[in-house]
Visitor: 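One structure is given below, represented as structure tokens, and several questions about it will come after.
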Amino acid sequence: MNNTGKILDGLLVLQFRSGSKKALEALVQRYHSRLCQHAYWYTNDIEASKDIVQDSWGVVIKKVYSLKEPNSFGSWIFRIVTRKSLDYVTKLKKNRILMQQVQAEEIFNEDKREQWAYVLQLRKAIKTLSIEHQLVIRLFYTEDYSLREIAEILEISIGTVKSRLFHGREKLKSILLKFNDG
């Protein structure tokens, strides 16, 4: 997320702490949809994702006063949703975090079919990676988080994030080469 977005988040957090309900509404509007998609990526269950995000907003309302860096609201709430999503997956004893499935009823025009086939191939390749590599690649490329923010979200070192990102990309390259050769 860019600095302007982080500064806006910080201002909204401070306004909410001062009693502005509209500030909370603005934060919800900015993040709710992305958070639902993020939770769905873990759970592959729309209703569970909505519940996780709703619970996460409850945590935000209770703990926003303890947030030391208001500008880091985005990574903070993504960390909350990530933890709640992983708790949900663990509770169901799933061995892997599932990638978001494409809804069958989506219709794509002809010029996007080839691109979509590549996206599906890429998702299939990503699913073959370890969970650790999947998480880092998703947060970096899909959610556009910095290495430092990913380290905070996953509670690992920046060096570990860099290593997982590098090795995940290398494994993806070889997997995609095999797909194209096969």
Side-chain angles (χ1 to χ4, degrees), residues 1-92 94 96-103 106 123 126 131-165 168:
M1 177 172 289
N2 62 32
N3 281 340
T4 306
K6 290 179 182 181
I7 291 168
L8 176 59
D9 288 348
L11 290 172
L12 291 170
V13 166
L14 294 174
Q15 288 174 352
F16 176 63
R17 286 178 177 175
S18 297
S20 171
K21 291 182 181 177
K22 290 198 182 271
L24 176 62
E25 291 171 13
L27 287 168
V28 170
Q29 188 173 16
R30 283 176 53 79
Y31 283 96
H32 191 77
S33 178
R34 285 181 30 213
L35 292 171
C36 285
Q37 290 172 354
H38 186 70
Y40 181 80
W41 184 79
Y42 293 100
T43 65
N44 204 32
D45 183 325
I46 291 171
E47 294 306 314
S49 300
K50 289 177 183 177
D51 290 344
I52 287 168
V53 172
Q54 191 65 37
D55 289 349
S56 297
W57 284 115
V59 171
V60 166
I61 290 168
K62 290 177 187 170
K63 296 190 176 185
V64 72
Y65 300 96
S66 65
L67 179 61
K68 292 177 184 173
E69 298 281 337
N71 290 2
S72 67
F73 177 82
S75 59
W76 181 61
I77 192 162
F78 264 89
R79 193 166 49 245
I80 292 168
V81 171
T82 298
R83 285 184 187 137
K84 287 190 168 288
S85 298
L86 290 173
D87 288 347
Y88 173 84
V89 171
T90 301
K91 185 177 177 182
L92 294 178
K94 291 185 179 179
R96 312 179 2 172
I97 297 173
L98 301 173
M99 297 292 285
Q100 179 179 4
Q101 297 297 314
V102 180
Q103 303 235 349
E106 287 187 64
R123 285 183 175 176
I126 290 171
I131 291 170
E132 291 83 9
H133 290 119
Q134 288 181 39
L135 285 170
V136 172
I137 285 172
R138 173 164 169 68
L139 290 170
F140 187 78
Y141 289 107
T142 306
E143 298 299 334
D144 201 29
Y145 278 98
S146 70
L147 298 175
R148 183 185 56 76
E149 290 171 323
I150 295 169
E152 289 174 13
I153 290 169
L154 298 179
E155 298 178 331
I156 57 178
S157 72
I158 292 176
T160 301
V161 173
K162 288 178 182 178
S163 174
R164 288 181 185 176
L165 196 56

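Worth saying up front: this structure is predicted, and the values here are computed from it rather than measured. Quick note: residue numbers are just sequence positions, from 1.
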Visitor: With side-chain contact (heavy atoms from CB on, under 4.5 Å) as the test, would you mind laying out the steps for K84 and V59 before giving the verdict?
Guide: CA-CA 11 Å; K84 287 190 168 288; V59 171; 3.6 Å; yes
Visitor: Check the pair V60, F73 against side-chain contact (heavy atoms from CB on, under 4.5 Å), reporting the backbone distance first and the verdict last.
Guide: CA-CA 9 Å; V60 166; F73 177 82; 3.8 Å; yes
Visitor: As an exercise, state the distance from OG of S146 to CZ of F140, rounded to the nearest 0.5 Å.
Guide: 8.5 Å
Visitor: Any side-chain heavy atom of D87 sitting closer than 4.5 Å to one from Y42?
Guide: no
Visitor: Set out, in order, the CA-CA distance, both residues' side-chain angles and the distance that settles salt bridge (Lys or Arg N to Asp or Glu O under 4.0 Å) for E152 and R148, then state yes or no.
Guide: CA-CA 6 Å; E152 289 174 13; R148 183 185 56 76; 2.5 Å; yes
Visitor: Begin from the C-alpha positions of K6 and E149 and carry the test salt bridge (Lys or Arg N to Asp or Glu O under 4.0 Å) through to its verdict.
Guide: CA-CA 12 Å; K6 290 179 182 181; E149 290 171 323; 2.8 Å; yes
Visitor: Have a look at Y40 and tell me which of L35, I46, V53 forms a side chain to side chain contact (heavy atoms under 4.5 Å, CB included) with it.
Guide: I46
Visitor: OG1 of T82 to CZ of R138: how many Å apart, nearest 0.5 Å?
Guide: 9.0 Å
Visitor: Would T43 and S49 count as having a side-chain donor-acceptor pair, cut-off 3.5 Å?
Guide: yes
Visitor: Side chains of residues 11-19: which donor-acceptor partners sit under 3.5 Å, not counting sequence neighbours?
Guide:
from : atom 1 : to  : atom 2 : distance (Å)
R17  : NE     : V64 : O      : 3.0
R17  : NH2    : V64 : O      : 2.8
R17  : NH2    : L67 : O      : 2.3
S18  : OG     : L14 : O      : 3.1

Visitor: With a 3.5 Å distance limit and no angle check, can you tell me whether T160 reaches the backbone of I156 through a side-chain donor-acceptor pair?
Guide: no
Visitor: Applying side-chain contact (heavy atoms from CB on, under 4.5 Å), run through L154 and V161 and close with a yes or a no.
Guide: CA-CA 9 Å; L154 298 179; V161 173; 5.5 Å; no
Visitor: What's the separation between atom NZ in K22 and atom CG in L24, rounded to the nearest 0.5 Å?
Guide: 12.0 Å
Visitor: Kindly compute the distance separating CG (L27) from CG (L8), expressed to the nearest 0.5 Å.
Guide: 7.5 Å
Visitor: With S163, which residues qualify under side chain to side chain contact (heavy atoms under 4.5 Å, CB included), at least two apart?
Guide: H167
Visitor: How close do S157 and A151 get, heavy atom to heavy atom, and via which atoms?
Guide: C-CB, 4.0 Å
Visitor: Ignoring hydrogens, what is the shortest heavy-atom contact between H38 and V81? Give both atom names and the distance.
Guide: CD2-CG1, 3.9 Å
Visitor: Name all pairs fulfilling the side chain to side chain donor-acceptor pair (under 3.5 Å) condition that reach into residues 51-72, sequence neighbours left out, sorted by first residue then second.
Guide: H32-W57
Visitor: Find the distance between CG (L147) and NZ (K162) and round it off to the nearest 0.5 Å.
Guide: 6.5 Å
Visitor: For the side chain of R30 and the backbone of G5, is there at least one donor-acceptor N/O pair under 3.5 Å apart?
Guide: yes
